[in-house]
Amino acid sequence: DLAGEASSRIINFDINNIEAQSILLKCYALIGDNKRAYQSAKTLKLSKVKDIETLELMGSTMVFNEEYRLALDVFKKLAAIQPTISSHLTNLGAVLHYCNEVKAAESFLLKACKINPLDYRGYWLLSQLRTVSQESNHINLIEKQLAKPIPENEGTIFLHFALAKELEDLKIYDESFHNLKKANDGKLKYLSQNSALDFQEFSIIRSQYMEIKEKSISGFESNEPIFIVGMPRSGTTLVQQVLGAHPDIYIAGELNDFFRAMCLQSGSNGRRLPIKEVAKKISQFNFNSLGRSYLELTRPRTGKTTFFIDKMPSNFLHLGAIHKALPNAKFIHITRHPIDVCLSNFKTLFGAGMYPHSYNMETIATYFCHYQKLMHFWQECFGESIVTISYESLVNNPSQQFESIFTHCGVIWKNEYLSYYKSNTPVGTASAAQVRGPIYHSSIEKWRHFEPFIGIMISKLKSLGAL
């Protein structure tokens, strides 16, 4: 706090003081004030910044806020200053991928792997760039690294996920699943204790909402937010990209801001609290203040268009609070075949402790069933605000289904929006490679390729009534 105050005073005297601006950025990042950290990172003139730590923080802040074009310039500068530091090249390769500069991304990632063969994230990023072929893949490179006498550690998880993905592309499903299982088993070992699964939160969320359901609550009257929710890997990114093709709709990405606003209402002073702890305090919330706080947290990224999209999939947990805080908000719920979506989660390496349930076939099936029941609950409570569309119907009849989504959001549908991929909008989710072209059908019933290996998942879904 003192460092931030001192830096602010210096900047008041000398608005162009780069060192003070850099310290202020670090202070905001340390206390978790993403809004001000983002503003500070944008204020810093890249041409004037030479400190490596500040550049790295600028880049990570831009990535966190899904400003990939701005992050690209930062990581290009880092790679130019320190071209032999593999992490700079890996970060540059990742952001180039998000910006759909695939050839350049591959070049930098290959350099990173050559400079530091133990930078395993680079191999995994290489596997995510595109669907590989027999003629062009990275399997030998990955297998060569796995064949070395290296200890099984958290880093090797990247290698097994990478190999599983490229083997699946080549339709070698048994070997793909063998590596996928090793990757997930390894990931489970290294999940922090903070990621412990607690399915009690679902029943707490329902019971707490029932306490406020019939209360006369005055939320914050804003039509701006459009929430796209669903399980990860269900098709939410596709819907975001098509909706975002409309000039009045801004793609804000996967925002943590609503849950952050809930934490602030719970007295967290900015710290992230466990969902269960926050849910228990919902009946004490000032929902008008909660809605206003959420919108303020999304600024300055939002507010320049009539609507913006918040595509954080886990917002489905908070739909009751969101509906009370923002009664005019629109909700789009995307569903997908239970086995397809559960397997797709199992095949995905998520970032920074996200979705810990996804690395075990039984827990992902259990989580899916809790999610399904909670969405049915929200539908019963305020279904008029929610439009539910299946991924399969979107793919099979896109014009009709998207027209209903656009109508729900209060904007006019045009078939030209199905050419969303031509705009080359940066995408930083696990679906980045998939949404670079026209809508396709090959992800429907994709689970059948792995049917002999996922009996545990299928049985669990059946026993819990999801199939």
Side-chain angles (χ1 to χ4, degrees), residues 1 4 28 31-39 65 198 200-229 250 252-304 306-333 374-375 377-386 409-410:
D1 289 342
Y28 286 139
I31 65 171
D33 191 335
N34 175 62
K35 179 181 176 180
R36 288 189 173 88
Y38 172 67
Q39 288 171 323
N65 287 279
D198 186 356
Q200 286 184 331
E201 63 194 32
F202 287 91
S203 58
I204 292 170
I205 288 167
R206 279 193 293 270
S207 63
Q208 289 296 308
Y209 182 75
M210 290 304 293
E211 285 192 24
I212 63 171
K213 181 184 175 186
E214 302 302 331
K215 288 184 179 178
S216 178
I217 291 172
S218 177
F220 188 68
E221 300 288 334
S222 172
N223 298 318
E224 282 185 60
I226 298 171
F227 292 90
I228 302 177
V229 299
Y250 172 69
E254 297 187 357
L255 303 179
N256 291 291
D257 293 325
F258 194 85
F259 186 65
R260 178 174 166 79
M262 290 176 72
C263 290
L264 290 169
Q265 283 272 328
S266 303
S268 73
N269 296 321
R271 291 179 296 111
R272 184 179 176 86
L273 301 174
I275 290 174
K276 188 166 69 171
E277 186 178 330
V278 175
K280 288 178 179 177
K281 298 181 179 180
I282 284 176
S283 59
Q284 304 165 27
F285 285 0
N286 178 321
F287 285 95
N288 186 284
S289 174
L290 177 61
R292 184 185 297 108
S293 175
Y294 164 72
L295 283 175
E296 287 174 355
L297 287 171
T298 70
R299 307 296 196 231
R301 296 184 62 207
T302 65
K304 302 175 187 70
T306 308
F307 306 101
F308 70 86
I309 298 169
D310 183 340
K311 195 195 75 70
M312 176 58 75
S314 57
N315 274 333
F316 82 86
L317 292 165
H318 316 303
L319 287 198
I322 296 172
H323 183 59
K324 291 292 186 183
L326 296 159
N328 297 333
K330 301 294 191 298
F331 304 112
I332 303 165
H333 174 216
L374 185 59
M375 284 309 307
F377 174 74
W378 298 137
Q379 201 80 46
E380 290 171 1
C381 292
F382 49 90
E384 72 284 350
S385 297
I386 307 170
C409 295

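None of the values given here were measured: they were computed from a predicted structure.
Separating the CD1 atom in Ile212 from the CD1 atom in Ile282 is a distance of 6.0 Å, to the nearest 0.5 Å. Separation of atoms CD1 (Ile309) and CD (Glu224) is listed at 13.0 Å; rounding is to 0.5 Å. Between atom CG of residue Leu297 and atom OG1 of residue Thr302 there is a gap of 10.0 Å, rounded to the nearest 0.5 Å. Note that CG of Asp257 is 7.0 Å distant from CG of Asn34, once rounded to the nearest 0.5 Å. Atom OG of residue Ser314 and atom CD of residue Glu254 lie 8.0 Å apart, to the nearest 0.5 angstrom. We find the CG-CZ distance between Leu326 and Arg292 to be 11.0 Å, quoted to the nearest 0.5 Å.
Side-chain atoms of Leu374 and Leu317, non-hydrogen and from C-beta on, do get closer than 4.5 Å to each other. The shortest side-chain heavy-atom distance between His318 and Phe259 falls under the 4.5 Å cut-off. Residues Phe285 and Gln208 fail the side-chain proximity criterion, which asks for heavy atoms closer than 4.5 Å. Proximity of Ile205 to Trp378: side-chain heavy atoms (C-beta onward) are separated by under 4.5 Å at one or more points. Between Leu273 and Met262, every side-chain heavy-atom pair lies at or beyond the 4.5 Å cut-off. With contacts defined as side-chain heavy-atom distances shorter than 4.5 Å, the pair Phe220/Ser293 does not qualify. Looking at Tyr250 and Lys304, their side chains never come closer than 4.5 Å, going by heavy atoms from C-beta outward. With a 4.5 Å cut-off on side-chain heavy atoms, Leu290 and Phe258 count as touching.
Of all heavy-atom pairs between Gly219 and Pro327, the closest is CA-CD, 3.9 Å. Scanning all heavy atoms of the two residues, the minimum distance from Met375 to Leu319 falls at CE-CD1, 3.9 Å. The two residues Cys381 and Tyr209 come nearest to each other via the heavy atoms SG-CE2, 3.7 Å. Shortest non-hydrogen contact noted between Ala252 and Arg301 is O-NH2, 2.9 Å. Here the closest heavy-atom approach between residue Ala329 and residue Phe227 is recorded as CB-CE1, 3.8 Å. Ser218 approaches Asn288 most closely through the heavy-atom pair O-CB, 3.2 Å.
Ring geometry for Phe331 against Phe382 counts as tilted: the plane angle lies between 30° and 60°, on a 0 to 90° scale. Below 30°, between 30° and 60°, or above 60°: for Tyr294 and Phe308 the angle between ring planes is between 30° and 60°, a tilted geometry.
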Please lay out, stage by stage, how Lys276 and Gln200 fare under the test side chain to side chain contact (heavy atoms under 4.5 Å, CB included). CA-CA 8 Å; Lys276 188 166 69 171; Gln200 286 184 331; 3.1 Å; yes

Kindly determine whether Val278 and Ser268 satisfy side chain to side chain contact (heavy atoms under 4.5 Å, CB included), including the steps that lead there. CA-CA 9 Å; Val278 175; Ser268 73; over 6 Å; no

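Residues passing the side chain to side chain donor-acceptor pair (under 3.5 Å) test with Ser385, sequence neighbours excluded: none. Glu277 is linked by a side chain to side chain donor-acceptor pair (under 3.5 Å) to nothing, counting only residues two or more places apart in sequence or in another chain.
For Arg36, the CZ atom counts as loosely surrounded, since its 6.0 Å shell holds 12 or fewer non-hydrogen atoms of other residues, nucleotides or ligands.
Each of Asn315, Val229, Thr298, Ile322 was scored for a side chain to side chain contact (heavy atoms under 4.5 Å, CB included) with Asp310, with one residue passing: Asn315.
Classification of Glu380 and Arg206 as a salt-bridged pair fails, no side-chain N sitting under 4.0 Å from a carboxylate O.
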